[in-house]
Number of protein chains: 2
Amino acid sequence: MKLSTKGKYGLIAMADLAIAYLNNPNDSYLVLKTIATKRNISEAYLERIIAKLKKTNLIITQRGSLGGYSLAKHPKDIKVSEVLYELEGKLDVGGCSSSSDKSCIIKSNCFSQIVCEEINVKIREVIENMTIEDVLKSYLEKSKEF
Amino acid sequence: MKLSTKGKYGLIAMADLAIAYLNNPNDSYLVLKTIATKRNISEAYLERIIAKLKKTNLIITQRGSLGGYSLAKHPKDIKVSEVLYELEGKLDVGGCSSSSDKSCIIKSNCFSQIVCEEINVKIREVIENMTIEDVLKSYLEKSKEF
DNA sequence: TGGAATACCAACTAGTTTGGTTGGGAAGGA
DNA sequence: TCCTTCCCAACCAAACTAGTTGGTATTCCA
């Protein structure tokens with residue numbers, strides 16, 4: 001029951017891109033290497049993660065030298081859920097989600113389903129109501145404490 | 001981000017034991033095989049799961065023929081969290097939970113930590129306020145619909 | 001026009017975790 | 001003395017995680 005590094009790195013990259021975006025919306029391209037080095041993440045691995053986020057149109061790219069990655073839209077318009085669903089799958093704690101799921105042999109799985117359903121609702125509530133901008137703000141807020 | 005079968009099977013077993021407990025608190029021992037067969041779970045695997053729950057004193061046992069497993073206390077006094085923490089670990093979505101965690105090299109992990117913290121709080125809220133009896137009741141409630 | 005810098009992409013891999021299985025005890029009732 | 005049950009440790013295949021390797025395609029700049 002852990003968020004994998006995929007999700008974590010994805011959020012980190014999005015946050016870095018968001019900072020660049022807010023600093024200068026006109027030219028906010030960041031080079032992969034910059035993020036990877038700064039955050040101490042494997043370049044090749046991060047690339048694959050970002051590729052997924054591009055595929056879902058959260059990120060746009062510029063190829064060639066002077067190229068890089070940028071957010072496709074304002075951080076306030078990107079939900080955390082959009083990032084995590086893409087990178088972590090449905091983020092669905094339970095097993096047989098739909099009642100029509102035939103692969104769920106153990107009907108009585110529903111004992112656990114009752115618990116899972118409640119957890120799922122709460123998780124969705126959190127990540128669908130939180131934007132990348134919110135994450136950034138919370139982080140800055142938190143940093144001040146130190 | 002899935003609950004593993006360990007957690008699921010654990011909840012199922014606890015629910016079955018709870019039914020037996022409520023039916024007859026004086027003699028509520030259930031044989032492993034009964035649960036495993038009824039729920040279509042590998043006997044040997046379920047045994048290992050139940051062993052863990054015994055270790056945390058949620059379950060008591062009777063050896064020999066006429067032996068079996070029983071809840072150690074009333075279902076209303078067993079929190080879902082007790083079961084899941086034992087079987088699934090801390091159920092902590094984030095990585096470096098404590099701020100003193102030195103293994104977290106990426107300080108900026110905290111971008112993801114902000115999200116994880118909120119999710120963790122919600123999950124804890126759900127499972128620490130839900131008892132095995134609640135699960136059972138919800139299940140019966142749900143069954144009526146069909 | 002050639003090279004440097006960048007994004008793009010697919011195949012491979014070591015290590016860990018999951019979800020078991022196998023095989024043999026030990027205790028207790030009939 | 002069986003038989004039934006719980007108890008326990010060692011083993012294992014498949015899937016997943018977290019990458020790595022090695023190459024291709026664009027684009028800018030000198």
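The sequence lines fix the lettering, A, B, ..., with proteins before strands; numbering per chain opens at 1. Given the structure is predicted, the values throughout are model-derived calculations rather than measurements.
- Note on B/Ser42: a side-chain N or O is less than 4.0 Å away from OP1 or OP2 of C/dT21.
- The CD1 atom of A/Ile41 sits 12 Å away from the C1' atom of D/dG19 (whole-angstrom rounding).
- A/Lys33 comes within 4.0 angstrom of no nucleic acid atom, judged by non-hydrogen atoms across all strands.
- Rounded to whole Å, atom P of C/dT21 lies 11 Å from atom CG of B/Leu46.
- Rounded to a whole Å, the OH atom of B/Tyr45 is 14 Å from the C1' atom of D/dA13.
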Output one letter per nucleotide in nucleotides 22-30 of chain C: B when a protein non-hydrogen atom lies under 4.0 Å from the base, S when only the sugar-phosphate is that close, - when neither is.
B--BBBBSS
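- Without hydrogens or angle criteria, B/Thr5 side chain to B/Lys8 main chain gives no donor-acceptor distance under 3.5 Å.
- Judged by distance alone, the side chain of A/Ser138 and the main-chain N or O of A/Asp134 form a donor-acceptor pair under 3.5 Å.
- Within 4.0 Å of A/Leu32, counting heavy atoms only, lie sugar-phosphate atoms of the nucleic acid but no base atom.
- Residue contacts for A/Leu30: at a heavy-atom cut-off of 4.0 Å it reaches the sugar-phosphate backbone alone, with no base atom in range.
- When every heavy atom of A/Thr131 is checked against every heavy atom of A/Pro75, the shortest pair comes out as CB-O, 3.6 Å.
- Taking atom CZ on B/Arg48 and atom P on D/dC12, their separation rounds to 15 Å, with Å as the unit.
- Going from atom NZ of A/Lys8 over to atom C1' of D/dG19 covers 15 Å, rounded to whole Å.
- When the P atom of D/dT5 is taken as reference, atom CD of B/Glu43 falls 9 Å away, rounded to whole Å.
- In this model, the phosphate group of C/dT18 is not approached by any side-chain N or O of B/Tyr9 to a distance below 4.0 Å at OP1 or OP2.
- A straight line from CD1 of B/Ile49 to P of C/dT21 spans 11 Å, rounded to a whole angstrom.
- Between A/Thr61 and the phosphate of C/dT6, there is no side-chain N or O to OP1/OP2 separation shorter than 4.0 Å.
- Using a 4.0 Å cut-off between charged side-chain N and carboxylate O, B/Glu117 and B/Lys122 make no salt bridge.
- A donor-acceptor pair under 3.5 Å links the side-chain atoms of B/Glu82 to the main chain of B/Lys79, judged by distance alone.
- In this structure, a donor-acceptor pair under 3.5 Å is present between the side chains of B/Glu128 and B/Tyr85.
- Close to C/dC8, at under 4.0 Å from its OP1 or OP2, lies a side-chain N or O of A/Tyr69.
- Remark: nothing in residues 16-28 of chain A comes within less than 4.0 Å of DNA chain D through any heavy atom.
- Checking side-chain atoms of B/Asn120 against main-chain N and O of B/Val93 turns up a donor-acceptor pair under 3.5 Å.
- A donor-acceptor pair under 3.5 Å is absent between the side-chain atoms of A/Asp16 and the main chain of A/Ile35, judged by distance alone.
- Proximity of A/Lys6 to the phosphate of D/dA18: no side-chain N or O atom is located under 4.0 Å from OP1 or OP2.
- A side-chain N or O of A/Glu88 and one of A/Ser4 form a donor-acceptor pair less than 3.5 Å apart.
- Put simply, A/Thr5 has a side-chain N or O that comes within less than 4.0 Å of OP1 or OP2 on D/dA18.
- Between B/Lys55 and D/dC7, a side-chain N or O to OP1/OP2 separation shorter than 4.0 Å is absent.
- Ring geometry for B/Phe111 against A/Tyr139 counts as tilted: the plane angle lies between 30° and 60°, on a 0 to 90° scale.
- Atom C1' of nucleotide D/dC6 and atom NZ of B/Lys52 are separated by 18 Å, given to the nearest angstrom.
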